Number of protein chains: 2
Amino acid sequence: MARRSNIDLTRALILGAAFEIMEQEGLDALSTRRLAARLSVQGPALYWHIRNKDELLGMMAASIYAEARAAVPRAEGWREWLTHYGLALHEAFRCRRDAARLCSIAKPIGDPREAAGAIAAPLVAFGLPEAKALSYQASVISLALGWAIFEVNGPMHAFLGSFMDLGKTFRTGLDALVEGYSA
Amino acid sequence: MARRSNIDLTRALILGAAFEIMEQEGLDALSTRRLAARLSVQGPALYWHIRNKDELLGMMAASIYAEARAAVPRAEGWREWLTHYGLALHEAFRCRRDAARLCSIAKPIGDPREAAGAIAAPLVAFGLPEAKALSYQASVISLALGWAIFEVNGPMHAFLGSFMDLGKTFRTGLDALVEGYSA
DNA sequence: ACCTGAACACCGTTCAAGT
DNA sequence: ACCTGAACACCGTTCAAGT
């Protein structure tokens with residue numbers, strides 16, 4: 001990635017650079033000063049474009065959730081969709097370094113009612129009432145996030161990995177959860 | 001809590017003070033310098049007793065898990081125990097301020113094999129094989145932690161709370177998970 | 001053995017000033 | 001409109017020196 005200069009900063013540019021730092025050096029290395037340096041700019045310059053670091057983290061988390069939703073393959077029923085959504089989230093939290101940690105500290109951005117509608121939509125399309133759709137998804141997200149947090153925590157990963165296959169065990173739990181909702 | 005002085009520092013004293021700060025001022029306020037100040041001592045003094053801040057956080061997390069395990073009432077079968085364990089964890093993560101955030105970043109301390117045995121014991125006592133016991137508990141812990149992380153995140157709590165009853169929805173998910181394991 | 005003082009290399013954020 | 005320089009109030013950790 002060549003060093004830029006004399007190019008206007010934009011929120012998209014900032015978001016991209018933030019992901020690059022998080023993936024290459026980890027969430028702890030994502031400081032406003034380093035981020036600015038990668039954009040060939042001084043630290044305070046960022047504050048013209050973003051309110052503060054929390055807003056940036058919120059944007060990053062929203063982008064991760066959106067990507068996972070988009071990665072869910074076409075399903076034939078809400079059970080199948082929910083399972084694949086859980087798998088996609090779990091994958092997203094693990095493939096992008098520190099994504100799980102990021103999503104656990106990020107504050108939501110945007111309008112709740114709007115977001116809720118968009119989140120529930122795929123399940124509502126299969127005939128589930130919106131309240132149930134949101135309830136089911138909240139648990140699936142929680143399970144995926146909780147698992148990913150442990151898997152992404154280096155020493156905890158080693159700890160758990162010493163007596164179980166993490167991927168398989170997550171799948172077993174996810175299947176049990178979806179199965180339980182069917183009953 | 002009267003200001004101490006001229007009293008030897010011990011790991012127990014440090015742990016207690018750390019919990020006080022976390023509960024009263026939040027995890028972000030738990031810096032080594034503040035912790036030392038509360039113990040009427042200079043920052044570097046802590047490093048004689050603990051290896052570093054990570055070790056301290058690990059001790060705190062272990063203590064939270066142990067407390068939740070101890071809070072589970074007598075059960076008549078593994079399903080009942082598992083459900084109450086999930087509820088106790090959820091409660092522990094919510095009643096102690098920032099406990100969920102702490103547990104999601106804390107690195108495990110101590111010997112894995114030893115810990116695994118202790119963790120699995122209650123379910124093994126009900127006749128479950130250790131591998132299953134650990135698998136079931138890992139998912140219950142993940143679900144409780146994932147939920148708690150969202151509930152404990154102020155803006156996220158408001159966001160989710162605007163369209164669901166958090167406590168009830170967690171309970172529904174936990175029941176579905178345990179039900180699913182029974183099938 | 002246990003603690004202090006001083007230092008190192010950082011943070012997020014603010015704000016006047018520059019262009 | 002957009003960015004810089006300087007500053008404020010912090011971090012975790014190390015290490016020689018004190019007692």
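Just so it is clear, the structure is predicted and the values come from calculations on it, not from any experiment. Below, chain A is the first sequence line, B the second, and so on; all start at residue 1.
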When A/Leu30 and B/Trp48 are each assigned the nearest nucleotide of DNA chain C, the 5'-most assignment goes to B/Trp48
Rounded to whole Å, how long is the line connecting atom [atom1] of [X] with atom [atom2] of [N]?
X: B/His49; N: C/dC2; atom1: NE2; atom2: C1'; answer: 6 Å
X: B/Arg34; N: D/dT13; atom1: CZ; atom2: P; answer: 17 Å
X: A/Ile50; N: D/dA1; atom1: CD1; atom2: P; answer: 19 Å
X: A/Arg51; N: C/dT13; atom1: CZ; atom2: P; answer: 11 Å
X: A/Glu25; N: C/dC11; atom1: CD; atom2: C1'; answer: 15 Å
X: A/Lys107; N: C/dG12; atom1: NZ; atom2: P; answer: 14 Å
X: A/Leu46; N: C/dC11; atom1: CG; atom2: C1'; answer: 14 Å
X: B/Leu35; N: D/dC10; atom1: CG; atom2: C1'; answer: 16 Å

What nucleotide, of D/dG12, C/dT14, C/dG5, holds the atom closest to the side chain of B/Gln42? C/dG5
Quick note, A/Val41 side chain, CB onward, closest among D/dC3, C/dG5, D/dT13 is D/dC3
Closest non-hydrogen atom pair between A/Leu143 and B/Ser139, with its separation: CD1-O, 3.4 Å
Quote, to the nearest angstrom, the C1' distance that separates C/dC3 from D/dA16. 13 Å
Measuring only the C1' atom in each nucleotide, how far is C/dC11 from D/dC8? A whole number of Å is fine. 12 Å
DNA chain D nearest-nucleotide lookup for A/Arg33 and A/Gly43: closer to the 5′ end is A/Gly43
Mate of C/dA16 across any strand shown (Watson-Crick or G-U wobble, both atom pairs under 3.5 Å) is D/dT4
Which base, if any, makes a Watson-Crick or G-U wobble pair with D/dC11, both distances under 3.5 Å? none
Over 12 non-hydrogen atoms of neighbours within 6.0 angstrom of NZ in A/Lys53: yes
Is the number of heavy atoms from other residues, nucleotides or ligands within 6.0 Å of NZ (B/Lys132) greater than 12? no
Counting any heavy atom closer than 4.0 Å, what does B/Thr32 reach on the DNA or RNA strands: base, sugar-phosphate only, or nothing? base
Centre-to-centre under 6.0 Å for B/Trp78 and B/Tyr136, is that the case here? yes
Determine the interplanar angle of the B/Phe163 and B/Phe159 rings, folded into 0 to 90°, and report it as parallel if under 30°, tilted if 30 to 60°, perpendicular if over 60°. perpendicular
